[in-house]
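Throughout, numbering of the chain's residues begins at 1 and tracks the sequence. When a ligand or atom number is given, it counts from 1 through the structure's own listing order. Atom set for the values below is all heavy atoms of this structure, side chains included, hydrogens, waters and symmetry mates excluded.
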Amino acid sequence: MSEMNDSILITVVGSGYVGLVASACFAEIGHRVLCVDNDEAKVEMLNAGRVPIHEEFLPELLERHGGTGRIQFTTDLSQATQASQAIFIAVGTPQSETGNADLSYVDAVACEIARSIRSYKVIVEKSTVPVYTNDWIRRAIERNGVSRSLFDVTSNPEFLREGTAVRDFLHPDRIVLGADSEGAAALLASIYAPLTTGSYYENPNAIPGSRSVADPPPILQTSTKAAEIIKHASNAFLAMKISFINVIANLCESVDADVQHVARGMGLDQRIGGRFLSAGIGYGGSCFPKDVAAFRYVAQQLGIDFNLLSEVEKINERQKQQFFQKVRSALWTLRSKRLGVLGLAFKGGTDDIRESPALEIIRMLLEAGATVKAFDPAAMERAKKELEPGPAMQYADGPYSAADNADALLILTDWADFGRLDLEKLRYTLRYPIIIDGRNLYDPRQMQELGFTYLSVGRPSPHISVEAASTKRWP
Ligand code: UDX
């Protein structure tokens, strides 16, 4: 959207969450983008205008810039490398058995890029990777015979969250550029200039968000190693905040205090901050579990005691089991109980079920002999591949049909719609008016007034009233 004469030709390798969103957003701020993926079917799908992930504003941006050719999808990395000035690597870095990041995809891409370099390129690591990965990429490229003067390797970590990825990219808290050469840093800075100068936000068609021309995002230039650590440390810190509040929630529960009051009281201290202090059933998703494990492994390799991270992981595991126990103690036994479940995605606003605590809890319930009828607005197709539909595992077409004649309703994902249910309707749809909410979406007092036995996380809950639990369908 900025002037085309500032336009830089960028290759983005990988069309997953980070790669696809980055491609669309680079095009949105005025660059020309070649998005490369070795999955031919996916490239074909993207070129046909179909979007493989559920992400607000992404279809609009892909349509806006796909039509003009400003963003193109291809399988030809060699040609894309030769054509572009900057090459962003945004391929997966899955977790290996030891917890460390498996960098084989990054390695393979680096070698392939190396074989095509004919003129100076800035290679940018955007996937979340352990410290020193930049060095390994540089060595891999040199090993393939490319002169050191023909490339620089930099780090530009991405902090986007699923569900709000486009907004997070275009309205970031900060832009971190890790570069060990001034030339490479300058190219990266010019790529982000439409955001950092604020010019993007002047455009009437700009995606709305928290940033504006008066308050553009700051840019932080660091060494490549510091940038790599910033990404891991940020995710590990956020995961720690969640585990911390989850332990506080358990503590609150045992003294009948409300964790939301405690979180608010803590969060108002500007040194702590109120975000990422929502207690629940633990964190999931494609980043936190993997990144905490990878960062723990990095520390271990460097001989640094970072057991704090192992505790963060342990608390997170325990939180799911604790919720399962809560369901069990509310229902006494689980065998043959019919449970309605709202939510399969690892959080609201996404169809992603990777490391979803909801799925793990459902597995525990099924193992204990319960039958489950689940609903999720976006993640059902994906979930069906993990938890095959059958007599014990059914999928509903809406929240009330999930609740229909159920012994209890469980809320496992924080979709906004799950916090706005018609409670009267729900009460007579359920067999027993019992709701066990792993995301604290309702006010316990109001729920009690409405006749529900309502259990949540870290908040005072009425002892299960025998009358409520034995009341059959309401009229
Ligand atoms: C995260 C980081 O936030 C992002 O910066 C990084 O780039 C990728 O990883 P994402 O995985 O999309 O993003 O989700 P996020 O919104 O951070 O939530 C992660 C998990 O923590 C979810 O399961 C969510 O339900 C849980 N969570 C989050 C809580 O349990 N409590 C909170 O207060 C916040």
Side-chain angles (χ1 to χ4, degrees), residues 16-19 21-22 25 53-56 90 92-93 95 126-129 156-169 171-176 227-228 230-249 259-260 262-264 266-267 272-295 312-313 315-320 322-323 343-361 376 378-379 411-416 418-419 437-441 456-458:
Y17 267 95
V18 172
V21 171
C25 292
I53 52 174
H54 178 90
E55 200 60 60
E56 199 185 10
T93 50
Q95 188 176 333
K126 214 168 192 22
S127 314
T128 303
V129 291
N156 167 224
E158 186 45 62
F159 301 97
L160 56 83
R161 289 161 302 167
E162 290 181 20
T164 52
V166 168
R167 239 192 252 267
D168 288 341
F169 192 103
H171 296 265
D173 286 351
R174 77 299 206 188
I175 292 165
V176 175
E228 289 166 334
I230 287 170
K231 174 66 194 190
H232 262 161
S234 300
N235 273 1
F237 193 88
L238 291 169
M240 179 185 73
K241 254 185 128 174
I242 299 169
S243 279
F244 190 93
I245 202 66
N246 279 335
V247 176
I248 302 291
V259 69
Q260 286 183 323
V262 176
R264 183 152 167 73
M266 290 167 62
I272 297 174
R275 294 167 72 193
F276 279 69
L277 285 179
S278 298
I281 51 175
Y283 59 78
S286 65
C287 290
F288 283 176
K290 170 171 83 75
D291 292 352
V292 174
F295 202 33
V312 168
E313 290 176 310
I315 293 165
N316 200 52
E317 280 313 304
R318 256 198 328 257
Q319 201 62 11
K320 292 173 257 191
Q322 219 141 319
F323 185 82
L344 297 160
F346 80 97
K347 65 170 188 177
T350 175
D351 60 353
D352 198 339
I353 53 162
R354 284 175 288 176
E355 303 283 331
S356 171
L359 259 55
E360 242 177 274
I361 289 168
D376 187 287
I411 303 179
L412 301 184
T413 305
D414 54 347
W415 280 99
F418 293 164
D437 180 359
R439 300 292 189 162
N440 290 350
L441 300 186
S456 54
V457 181

Heavy-atom contacts under 4.0 Å to ligand 1, chain-then-number order, include exactly Glu158, Phe159, Leu160, Arg161, Glu162, Lys231, Asn235, Ile242, Phe276, Leu277, Ser278, Tyr283, Gly284, Cys287, Phe288, Phe346, Lys347, Arg439

Going by the rule side chain to side chain contact (heavy atoms under 4.5 Å, CB included), which residues pair with Ala358 if we only count those two or more places apart in sequence or in a different chain? Ser356, Leu412, Thr413

Hits for salt bridge (charged side-chain N to carboxylate O under 4.0 Å, His left out) against Arg354, two or more places apart or cross-chain, chain-then-number order -> Glu162, Asp352

Listed partners of Glu158 passing salt bridge (charged side-chain N to carboxylate O under 4.0 Å, His left out), at least two apart: Lys126

Just say parallel, tilted or perpendicular for the rings of Trp415 and His54, cut-offs at 30° and 60°. perpendicular

In plain terms, say whether Glu317 and Lys320 are close enough for a salt bridge, that is, a side-chain N and a carboxylate O under 4.0 Å apart. yes

Counting only heavy atoms not in Phe244 (residues, nucleotides, ligands), do more than 12 fall under 6.0 Å from its CZ? no

